[in-house]
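Both counts, for ligands and for their atoms, begin at 1 and track the order of listing. Counting begins at 1 with the first residue of the sequence. Any value given below was found using the heavy atoms of this structure, including those in side chains, with hydrogens, waters and symmetry copies removed.
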Amino acid sequence: MKKIKNLLIKKNKTKIVCLTAYSKNIAQEIDNFVDIILVGDSLGSVLYDFNTTRSVTLEMMINHSKSVRKGITKSLMVVDMPYNTYRNKSEALKNCKKVTKETKCDAVKLEGGNKKIVEIIKHLIKNKIPVMGHIGLLPQNEKGKFTFKGKSSKEKLRLLNEAKVLERAGVFAIVLECVEKKLSKEITDQIKIITIGIGASQHCDGQILVTDDLIGLTNSKIKFVKEFGNVRKTIRDAVKKYKTEVKSLKYPSKKYLY
Ligand code: KIV
């Protein structure tokens with residue numbers, strides 16, 4: 001696929017810029033500035049206030065992705081497969097086919113790098129579904145407090161091995177979430193496909209953030225999140241002005257009447 005090939009040639013040349021979107025309006029605004037738009041299952045916590053992404057359904061992902069699709073003209077669109085939709089090869093293929101057909105996305109993302117998930121990913125790729133991997137912190141499987149990965153040498157070795165196995169399985173990119181700095185460099189240096197970091201250092205081939213966090217809509221306290229804007233303030237200011245004008249009968253003025 002041309003869009004994926006164009007991304008892969010950016011490795012070691014220029015950083016790859018990725019963001020999430022859950023709706024057409026956001027996708028439309030970010031499309032010109034990014035390489036990849038991910039419809040992340042983070043929408044479960046960001047939009048629906050779920051405690052875990054495990055509550056996100058396939059239907060939610062499809063509906064939001066259909067909206068996002070309408071806002072994209074150039075970026076590669078990737079859709080997260082939600083929890084319990086890829087437990088075995090046939091379930092994964094059935095659901096990924098449904099997602100790609102209904103949302104017209106370019107690829108899907110699946111969490112994990114163990115033997116079982118790698119077999120499922122191979123099956124998807126054999127059936128012409130492009131896959132992005134995701135290792136390190138796996139929100140769909142995390143129990144307890146979220147912490148960074150790659151502390152012990154055993155964990156380092158496991159993650160490095162998972163990245164290599166995923167590369168051999170045929171994924172075109174791997175998200176490294178909350179992966180220790182030196183390890184994220186080692187992984188990035190040792191594989192030919194692209195690594196996309198989130199809390200995983202500047203050594204990755206690209207970076208991703210949740211757009212709602214970056215624009216300052218969520219008031220996120222996560223260590224790796226940097227707010228590049230303050231949309232909460234913009235909303236408050238606009239709503240205050242609206243309220244004042246409604247109360248004072250300034251709005252709707254003549255210009256807005258039929
Ligand atoms: O669900 C999501 O938004 C993600 C990214 C943050 C990598 O998986």
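- If you look at His123 and Tyr86, their ring centroids are not closer than 6.0 Å.
- Every N/O-N/O distance between Glu177 and ligand 1 stays at or above 3.5 Å.
- Panel note: side chain Asp35, backbone Ile16; no donor-acceptor pair is recorded below 3.5 Å.
- Each of the atoms 1 (O), 2 (C), 3 (O) of ligand 1 lies under 4.0 Å from some heavy atom of Gly40.
- The protein atom (non-hydrogen) at minimum distance from atom 4 (C) of ligand 1 is Leu38 CD2, 3.5 Å.
- Below 4.0 Å from some heavy atom of Asp41 lie the following atoms of ligand 1, by number and element: 1 (O).
- Side-chain atoms of Asn114 and Glu162 include no donor-acceptor pair closer than 3.5 Å.
- Residue contacts with ligand 1, taken as heavy atom pairs separated by less than 4.0 Å, involve Asp80 solely via side-chain atoms from C-beta onward.
- Geometrically, Lys151 engages Phe148 in a cation-pi contact defined by less than 6.0 Å to the ring centre and at most 45° from the axis.
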(request) Take Lys97 and Asn95 through the test side-chain hydrogen bond (donor to acceptor under 3.5 Å, both in side chains) and record every step on the way to the result. (result) CA-CA 5 Å; Lys97 271 188 175 169; Asn95 287 327; over 6 Å; no
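- With ligand atoms numbered from 1 in the order given, ligand 1 contributes 8 (O) to contacts under 4.0 Å with heavy atoms of His134.
- Ser90 and Asn88 form a side-chain donor-acceptor contact under 3.5 Å, judged by distance and modelled atom types alone.
- Close N/O approach between Thr20 and ligand 1 is not found [any backbone or side-chain N/O within under 3.5 Å].
- Among all protein heavy atoms, the one lying closest to atom 3 (O) of ligand 1 is Ser42 OG, 2.5 Å.
- Judged by distance alone, the side chains of Thr73 and Asp31 do bring a donor and an acceptor atom under 3.5 Å apart.
- For atom 8 (O) of ligand 1, the nearest protein heavy atom (residue, atom name, distance) is Lys109 NZ, 2.9 Å.
- Counting protein heavy atoms only, atom 6 (C) of ligand 1 is closest to Ile198 CD1, 3.5 Å.
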